[in-house]
Novice: 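Okay, here's the structure, questions in a sec.
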Amino acid sequence: MTVSVVLYTSDLRVHDHPPLRAAVEGAQEVVPLFVRDPAVDRAGFAAPNRLAFLADCLADLDRGLRDRGGRLVVREGDTVSEVRALVRQTDADEVHMAAGVTAFARAREVRLREALEEDGCRLYVHDGVVTVVPPGDVLPHGRDHFAVFTPYRKRWSAEPLRTPLPAPGALRVPSGARSERIPPRSTVAGVSPGLAVGGESEGRKLLGSWLAEQVDTYEERHDDLAGDVTSRLSPHLHFGTVSAAEAVHRARRRGGAGADAFVRQVCWRDFHHQVLAARPEAAHTDYRPRQDRWRRGAEAEEDLAAWREGRTGYPVVDAAMRQLAHEGWMHNRGRLITASFLAKTLYIDWREGARHFLSLLVDGDVANNQLNWQWAAGTGTDTRPQRVLNPVRQARRYDPDGSYVRRWVPELAALDGPAVHEPWRLTGSVRASFDYPDPVVELSEGLTRFRQARGTA
């Protein structure tokens, strides 16, 4: 009886899953495996919101596998040790897994390959499982990655799109492959109260309903903070409960300006993955150094705390930060506004913001989180690194009647229309009646400080 192991990482689905398909076609028995590795905790990636969402994903994956005669095997410990033990226990011939791009994922792959070779077991690493186009498949002449998005997108868009794979009809798991209990979401402490439900079933349902009902308005309304017509698929793409390749395939089949705009966002995701694959150090060091001397000391710490807690005195910034705390998710326009405000208006190190986002975001992905932060800070791939987003202008444009702000900053709910964006303009007893802080900095002061620091004043 031939046996293959499928090592699940950030690809928690049964549909369009090349490693699972290859294992089912190549062996009589298959062991779908997920290892809860303490190294992830030590690296700081085991945030409560992601752990809770992961619990949903694993439970749903187990149900999907059981519907096909299989089950998910869950182990806890060092990934390499646990895979090796399972291979020996089941006498497996092959291990299949998706390729990763982070330094952690690549080091794990090297260790796993070396360990399995000692046992005579082959490791197959499949590209195009986590991304649409594998990192390194499209390259500029003479370089190992694209540093600018637009030329990357042109090449990416011309790449042939593989046909999504159906879920396997049936699979058989060796009876002796023991599994630990899958912990439910309820066992995770510190979860945001509005956190979405995880799992492939939820992800596929969300993708289908969004493409059917909202994608047509996405191109013109994706920046509308209050309208929130974004797909909210980012957590599912992060955990792989929805295939990025299948999402693009279905969006292109739907067609239209909204679908094209959505595909562009998925392309941005692939772009960041190919940057990080080529420059893994960009997860923690400047991709393009600007010789920044970020603010330090007590005053900077107070400003950072105000930003984290959503009490900067700029309502749209505070609304977005409070949405993050409540949902473990933030509207994309809010991410841009809050990141620019911290890194440029407050001139605080982008790594502080990235760290806070990773502590809460359910879609907290190293490639997208860190490189989007670098883009906002002007140390990344932005071709206009000195741009500074004015939060008041952004609010007027993307939350014109103040609905988003009133939703998340209820202490200002009594202010009508766009007046909610500038409460400091109120005077006397009217201003005193609102329990809301004054701005931590004047925008003009922050802009001057940033330009002087970057030598562009």
Novice: For the rings on Tyr404 and His421, is their centre-to-centre separation under 6.0 Å?
Specialist: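 Centroid distance Tyr404-His421: not below 6.0 Å, so no.
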Novice: Distance alone, cut at 3.5 Å: any donor-acceptor contact between the side chains of Glu327 and Ser192?
Specialist: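 No donor-acceptor contact under 3.5 Å links the two side chains.
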Novice: Among residues at least two apart in sequence or on other chains, which ones pass salt bridge (charged side-chain N to carboxylate O under 4.0 Å, His left out) with Asp228?
Specialist: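 Arg232.
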Novice: When rounded to the nearest 0.5 angstrom, what is the spacing between CZ in Arg252 and OG in Ser157?
Specialist: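 Spacing of CZ (Arg252) from OG (Ser157) equals 6.0 Å.
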Novice: How would you list all residue pairs meeting salt bridge (charged side-chain N to carboxylate O under 4.0 Å, His left out) that involve residues 370-388, not counting sequence neighbours?
Specialist: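 Qualifying pairs: Asp382-Arg387.
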Novice: In the structure I gave you, are the side-chain heavy atoms of Leu336 and Asn372 within less than 4.5 Å of one another anywhere?
Specialist: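 Not in contact.
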Novice: Can you check whether Arg108 reaches Thr9 side chain to side chain, under 4.5 Å on heavy atoms?
Specialist: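 The answer is yes, as the side chains (C-beta and beyond) meet within the 4.5 Å cut-off.
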Novice: Less than 4.0 angstrom from a charged side-chain N to a carboxylate O is my criterion; do Arg269 and Asp363 meet it?
Specialist: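 Judged by the 4.0 Å cut-off on N to carboxylate O distance, Arg269 and Asp363 do not form a salt bridge.
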Novice: What I want to find out is whether Asp62 reaches Arg66 closely enough, with some N-O distance under 4.0 Å, to be called a salt bridge.
Specialist: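 Salt bridge between Asp62 and Arg66, a charged N being under 4.0 Å from a carboxylate O: yes.
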Novice: Of the non-hydrogen atoms in Thr338 and Ala320, which two are nearest, and what is the gap between them?
Specialist: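 Closest pair (atom of Thr338, atom of Ala320, distance): CG2-CB, 3.6 Å.
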Novice: Nearest 0.5 angstrom please: Leu195 CG to Asn49 CG, how far?
Specialist: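 If I round to the nearest 0.5 Å, the distance is 5.0 Å.
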Novice: Could you walk me through whether Leu54 and Phe34 satisfy the side chain to side chain contact (heavy atoms under 4.5 Å, CB included) test, starting with their C-alpha distance in whole Å, then the side-chain angles of each, then the deciding distance to 0.1 Å, before giving a yes or no?
Specialist: CA-CA 11 Å; Leu54 172 64; Phe34 182 84; 3.9 Å; yes
Novice: Is the shortest side-chain N to carboxylate O distance from Glu352 to Arg355 below 4.0 Å?
Specialist: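 Counted as a salt bridge, because a side-chain N and a carboxylate O are separated by less than 4.0 Å.
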Novice: Between Arg322 and Gly310, is there a donor-acceptor pair closer than 3.5 Å when you use the side chain of the first and the backbone of the second?
Specialist: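 Indeed, once roles are kept as given, a pair shorter than 3.5 Å links the two residues.
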Novice: Calculate, to the nearest 0.5 Å, the distance between atoms OG1 and CG belonging to Thr79 and Leu112 respectively.
Specialist: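 If we round to the nearest 0.5 Å, Thr79:OG1 and Leu112:CG are 8.5 Å apart.
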Novice: Strictly under 6.0 Å, is that where the ring centroids of Phe146 and Trp156 end up?
Specialist: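 Distance test on ring centres: not under 6.0 Å, no.
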Novice: Determine whether a donor-acceptor pair (N or O, by modelled atom type, separation under 3.5 Å) exists between the side chain of Asp399 and the backbone of Ser403.
Specialist: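 Looks like yes, one N/O pair under 3.5 Å.
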Novice: Could you tell me the separation between the OG1 atom of Thr379 and the OH atom of Tyr287, rounded to the nearest 0.5 Å?
Specialist: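 Reported value, rounded in 0.5 Å steps: 11.0 Å.
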Novice: What orientation do Tyr218 and Phe262 show, parallel under 30°, tilted 30 to 60°, or perpendicular over 60°?
Specialist: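 Perpendicular.
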Novice: What's the separation between atom OH in Tyr398 and atom CD1 in Ile337, rounded to the nearest 0.5 Å?
Specialist: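 Taking OH in Tyr398 and CD1 in Ile337, the distance rounds to 8.0 Å.
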Novice: Once the angle between the rings of Phe149 and Phe271 is folded into 0 to 90°, is it parallel (under 30°), tilted (30 to 60°) or perpendicular (over 60°)?
Specialist: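 Aromatic pair Phe149/Phe271 classed perpendicular.
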Novice: With His15, which residues qualify under ring-ring contact (aromatic ring centres under 6.0 Å, His included), at least two apart?
Specialist: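 Once residues adjacent in sequence are excluded, His15 has no partner under the ring-ring contact (aromatic ring centres under 6.0 Å, His included) criterion.
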Novice: I'd like to know if the side chain of Gln89 reaches the main chain of Gly176, judged simply by a donor and an acceptor atom lying under 3.5 Å from each other, with no hydrogens or angles considered.
Specialist: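 Yes: the side chain of Gln89 pairs with the backbone of Gly176.
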Novice: Do the side chains of Asp286 and Arg351 get close enough for a salt bridge, i.e. N-O under 4.0 angstrom?
Specialist: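 Salt bridge between Asp286 and Arg351, a charged N being under 4.0 Å from a carboxylate O: yes.
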Novice: Could I get the full list of salt bridge (charged side-chain N to carboxylate O under 4.0 Å, His left out) partners for Asp41, not counting sequence neighbours?
Specialist: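 Salt bridge (charged side-chain N to carboxylate O under 4.0 Å, His left out) check on Asp41 returns Arg36.
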Novice: Test: ring-ring contact (aromatic ring centres under 6.0 Å, His included). Region: residues 157-187. Which pairs qualify, not counting sequence neighbours?
Specialist: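 Qualifying pairs, neighbours excluded: none.
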Novice: Throw together a table of side-chain donor-acceptor distances under 3.5 angstrom for residues 17-32, partners on residues two or more places apart or in other chains.
Specialist:
residue: His17; atom: ND1; partner: Leu20; partner atom: N; Å: 3.0
residue: His17; atom: NE2; partner: Asp11; partner atom: O; Å: 3.2
residue: His17; atom: NE2; partner: Asp11; partner atom: OD2; Å: 2.9
residue: Arg21; atom: NH2; partner: Pro166; partner atom: O; Å: 2.7
residue: Gln28; atom: OE1; partner: Thr2; partner atom: N; Å: 2.8
residue: Glu29; atom: OE2; partner: Arg172; partner atom: NE; Å: 3.1

Novice: If you define the side chain from C-beta out and look only at heavy atoms, does anything of Trp329 sit under 4.5 Å from Thr230?
Specialist: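 They are in contact (side-chain heavy atoms under 4.5 Å apart), so the answer is yes.
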Novice: Taking NZ, NE, NH1 and NH2 as the nitrogens, is one of them in Arg162 or Asp16 under 4.0 Å from a carboxylate oxygen of the other?
Specialist: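 Answer for the salt bridge query: yes.
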Novice: Aromatic rings His96 and His126: how do their planes relate, parallel, tilted or perpendicular, breaks at 30° and 60°?
Specialist: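 Because their plane-to-plane angle lies in the 30° to 60° range, the rings of His96 and His126 count as tilted.
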Novice: Would you mind reporting whether Glu246 and Arg204 have side-chain heavy atoms less than 4.5 Å apart?
Specialist: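 Contact flag for Arg204/Glu246 side chains = yes.
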Novice: Decide yes or no for Val266 and Leu233: does some side-chain heavy atom of the first lie under 4.5 Å from some side-chain heavy atom of the second?
Specialist: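 Of all side-chain heavy-atom pairs linking Leu233 with Val266, none is under 4.5 Å.
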Novice: Could Glu117 and Arg113 be called an ion pair, given the rule that one side-chain N must be under 4.0 Å from one carboxylate O?
Specialist: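 Looking at Arg113 together with Glu117, the answer is no, because their closest N to O distance does not fall below 4.0 Å.
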Novice: Between Asp91 and Val3, is there a side-chain heavy-atom distance shorter than 4.5 Å?
Specialist: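 They are not in contact (no side-chain heavy atoms under 4.5 Å apart), so the answer is no.
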Novice: Flag the pair Lys205 and Glu202 as a salt bridge only when some basic side-chain nitrogen lies within less than 4.0 angstrom of an acidic carboxylate oxygen.
Specialist: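 Salt bridge present between Lys205 and Glu202.
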Novice: Might you point out which heavy atoms bring Thr241 and His236 nearest each other, and give the distance in Å?
Specialist: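 Closest heavy-atom pair between Thr241 and His236: OG1-ND1, 2.7 Å.
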Novice: His272 and Trp375: ring pair (Phe, Tyr, Trp, His ring centres under 6.0 Å), yes or no, with the steps?
Specialist: CA-CA 10 Å; His272 286 146; Trp375 188 94; 8.8 Å; no
Novice: Could you tell me whether Arg397 atom CZ has more than 12 heavy atoms of other residues or ligands within 6.0 Å of it?
Specialist: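 No, because the 6.0 Å sphere around CZ of Arg397 holds 12 heavy atoms or fewer from other groups.
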Novice: Atom CZ in Phe239, atom CZ in Arg13: separation rounded to 0.5 Å?
Specialist: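 Between atom CZ of Phe239 and atom CZ of Arg13 there are 13.5 Å.
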Novice: Please check this pair: side chain of Asp119 against backbone of Cys121, looking for a donor-acceptor N/O pair closer than 3.5 Å.
Specialist: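 Judged by distance alone, no pair lies under 3.5 Å.
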